[in-house]
Amino acid sequence: MISREERILCPSCGVQMPPNAANLCVNCIRSQVDITEGIPKQAILYFCKGCDRYLSPPQAWILCQLESRELLAICLKRLKGLSKVRLIDAGFIWTEPHSKRVKVKLTIQKEVFAGAIL
């Protein structure tokens, strides 16, 4: 006899899925829960044009190149609320060389319901 994986229907959208703690499919959980709540979408980095250094709070000015590990560490320190989630990956998003914006892409995980991780 061949055993089949148990499948249930999502109560919100009706898609077949394996049972989980929330009994909702991943898409429905994502639409109902915002795991980025509490993490700011923008932060300010202070840059000195005279010495080409970035402010690493509270008092240190650090010399770092664009898209370097040191600059990424400074960017992550500026984001409050990362302690509530699990940081999976972080990296820079390319911007124009003359742009004064530094964009960072984060991949995070968080437990939303009893055992359901997004």
Side-chain angles (χ1 to χ4, degrees):
M1 184 150 66
I2 300 172
S3 65
R4 292 177 130 182
E5 182 182 324
E6 287 186 38
R7 298 187 79 69
I8 62 171
L9 295 177
C10 175
S12 296
C13 64
V15 170
Q16 283 191 355
M17 59 169 209
N20 59 26
N23 283 335
L24 292 172
C25 67
V26 175
N27 292 332
C28 290
I29 293 174
R30 282 189 183 145
S31 67
Q32 293 178 4
V33 178
D34 182 19
I35 64 172
T36 62
E37 183 179 4
I39 301 173
K41 305 289 185 223
Q42 294 182 8
I44 296 174
L45 288 177
Y46 294 100
F47 177 72
C48 176
K49 292 181 182 178
C51 62
D52 291 336
R53 295 176 190 233
Y54 291 90
L55 177 65
S56 178
Q59 296 290 331
W61 288 88
I62 298 176
L63 179 65
C64 30
Q65 299 293 321
L66 284 176
E67 299 189 9
S68 66
R69 282 185 163 196
E70 295 84 12
L71 184 57
L72 185 60
I74 293 171
C75 292
L76 293 177
K77 283 181 192 175
R78 302 289 302 169
L79 296 177
K80 305 297 180 201
L82 282 181
S83 60
K84 299 174 188 171
V85 296
R86 182 174 170 210
L87 183 63
I88 302 299
D89 187 31
F92 289 100
I93 298 175
W94 186 85
T95 57
E96 293 290 330
H98 63 278
S99 175
K100 293 186 179 185
R101 289 187 183 258
V102 176
K103 293 185 179 184
V104 177
K105 179 182 178 184
L106 302 176
T107 304
I108 59 172
Q109 273 186 349
K110 183 176 181 180
E111 186 172 327
V112 288
F113 295 120
I117 296 176
L118 281 184

S.K.: Do Ile93 and Val102 make a side-chain contact, defined as non-hydrogen atoms from C-beta onward lying under 4.5 Å apart?
M.R.: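 Ile93 vs Val102: side chains apart.
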S.K.: If you look only at distance, which donor and acceptor atoms sit under 3.5 Å apart when one is on a side chain in residues 75-89 and the other is two or more places apart or in another chain?
M.R.:
| unit_1 | atom_1 | unit_2 | atom_2 | d |
| --- | --- | --- | --- | --- |
| Arg78 | NE | Ile44 | O | 3.0 |
| Arg78 | NH2 | Ile44 | O | 3.2 |
| Arg86 | NH1 | Gln109 | OE1 | 3.1 |

S.K.: Could you list the residues that satisfy side chain to side chain donor-acceptor pair (under 3.5 Å) with Asp52, not counting sequence neighbours?
M.R.: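 Side chain to side chain donor-acceptor pair (under 3.5 Å) list for Asp52, sorted by chain: empty.
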S.K.: Could you identify which residues cluster with Leu63, counting Ile, Leu, Val, Met, Phe, Trp and Tyr as linked when any side-chain heavy atoms lie under 4.5 Å apart, either directly or through a chain of such contacts?
M.R.: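 Besides Leu63, the hydrophobic cluster comprises nothing; the residue is isolated.
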S.K.: Could you name each residue pair satisfying ring pair (Phe, Tyr, Trp, His ring centres under 6.0 Å) that touches residues 55-94, not counting sequence neighbours?
M.R.: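 Those involving residues 55-94 do not exist here.
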S.K.: Quick one, Leu9 and Gln16 - any side-chain contact, counting heavy atoms below 4.5 Å?
M.R.: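 Yes; the side chains approach each other to less than 4.5 Å.
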S.K.: Tell me which pairs pass side-chain hydrogen bond (donor to acceptor under 3.5 Å, both in side chains) where either residue lies in residues 28-44, with sequence neighbours left out.
M.R.: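 For residues 28-44, and leaving out neighbouring residues, the side-chain hydrogen bond (donor to acceptor under 3.5 Å, both in side chains) pairs sorted by first residue read Asp34-Thr36, Thr36-Lys41.
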S.K.: Below 4.5 Å, heavy atoms only, C-beta onward: do Ile29 and Asn27 meet side chain to side chain?
M.R.: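 Not touching, per the 4.5 Å side-chain cut-off.
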S.K.: Find out if a path of hydrophobic residues (ILVMFWY) with successive side-chain heavy-atom gaps under 4.5 Å connects Ile108 to Val26.
M.R.: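 Yes; Val26 is reachable from Ile108 via cluster members.
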S.K.: Applying side chain to side chain donor-acceptor pair (under 3.5 Å), name anything that partners Arg53, two or more places apart in sequence or on another chain.
M.R.: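 Checked Arg53 against side chain to side chain donor-acceptor pair (under 3.5 Å); zero matches.
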S.K.: If hydrophobic residues (ILVMFWY) are linked whenever their side-chain heavy atoms come closer than 4.5 Å, directly or via other members, who joins Val15 in its cluster?
M.R.: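 Once heavy-atom contacts under 4.5 Å are chained together, Val15 still belongs with nothing else.
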S.K.: Identify, with sequence neighbours excluded, every residue that meets side-chain contact (heavy atoms from CB on, under 4.5 Å) alongside Pro18.
M.R.: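 In terms of side-chain contact (heavy atoms from CB on, under 4.5 Å), with neighbours along the sequence ignored, Pro18 is linked to Glu5, Arg7.
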S.K.: Is any side-chain heavy atom of Ile74 closer than 4.5 Å to one of Cys64?
M.R.: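 Side-chain contact under 4.5 Å: yes.
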S.K.: So, taking the atom named CG in Leu24 and the one named CE in Met17, what distance separates them when rounded to the nearest 0.5 Å?
M.R.: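 Going from the CG atom of Leu24 to the CE atom of Met17 covers 6.0 Å.
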S.K.: Got a sec, which pairs hit ring pair (Phe, Tyr, Trp, His ring centres under 6.0 Å) with one end in residues 16-51, sequence neighbours left out?
M.R.: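 Of all non-adjacent pairs touching residues 16-51, those that pass ring pair (Phe, Tyr, Trp, His ring centres under 6.0 Å) are Phe47-Tyr54.
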S.K.: Taking salt bridge (Lys or Arg N to Asp or Glu O under 4.0 Å) as the test, write out the residues that go with Arg101, two or more places apart.
M.R.: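 So Arg101 forms no salt bridge (Lys or Arg N to Asp or Glu O under 4.0 Å) with any residue.
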S.K.: Determine whether Cys25 and Ser12 make a side-chain contact, defined as any pair of heavy atoms from C-beta on separated by less than 4.5 Å.
M.R.: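 Cys25 vs Ser12: side chains apart.
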S.K.: Test of understanding: with side chain to side chain donor-acceptor pair (under 3.5 Å), list the residues that count as partners of Lys100, not counting sequence neighbours.
M.R.: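 By the side chain to side chain donor-acceptor pair (under 3.5 Å) rule, Lys100 matches no residue at all.
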S.K.: Kindly indicate, with the supporting measurements, whether the criterion side-chain contact (heavy atoms from CB on, under 4.5 Å) is fulfilled by Leu45 and Leu71.
M.R.: CA-CA 10 Å; Leu45 288 177; Leu71 184 57; 4.2 Å; yes
S.K.: Taking only residues two or more places apart in sequence or in another chain, which ones pass side chain to side chain donor-acceptor pair (under 3.5 Å) with Ser68?
M.R.: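 Ser68 satisfies side chain to side chain donor-acceptor pair (under 3.5 Å) with Glu70 once adjacent residues are dropped.
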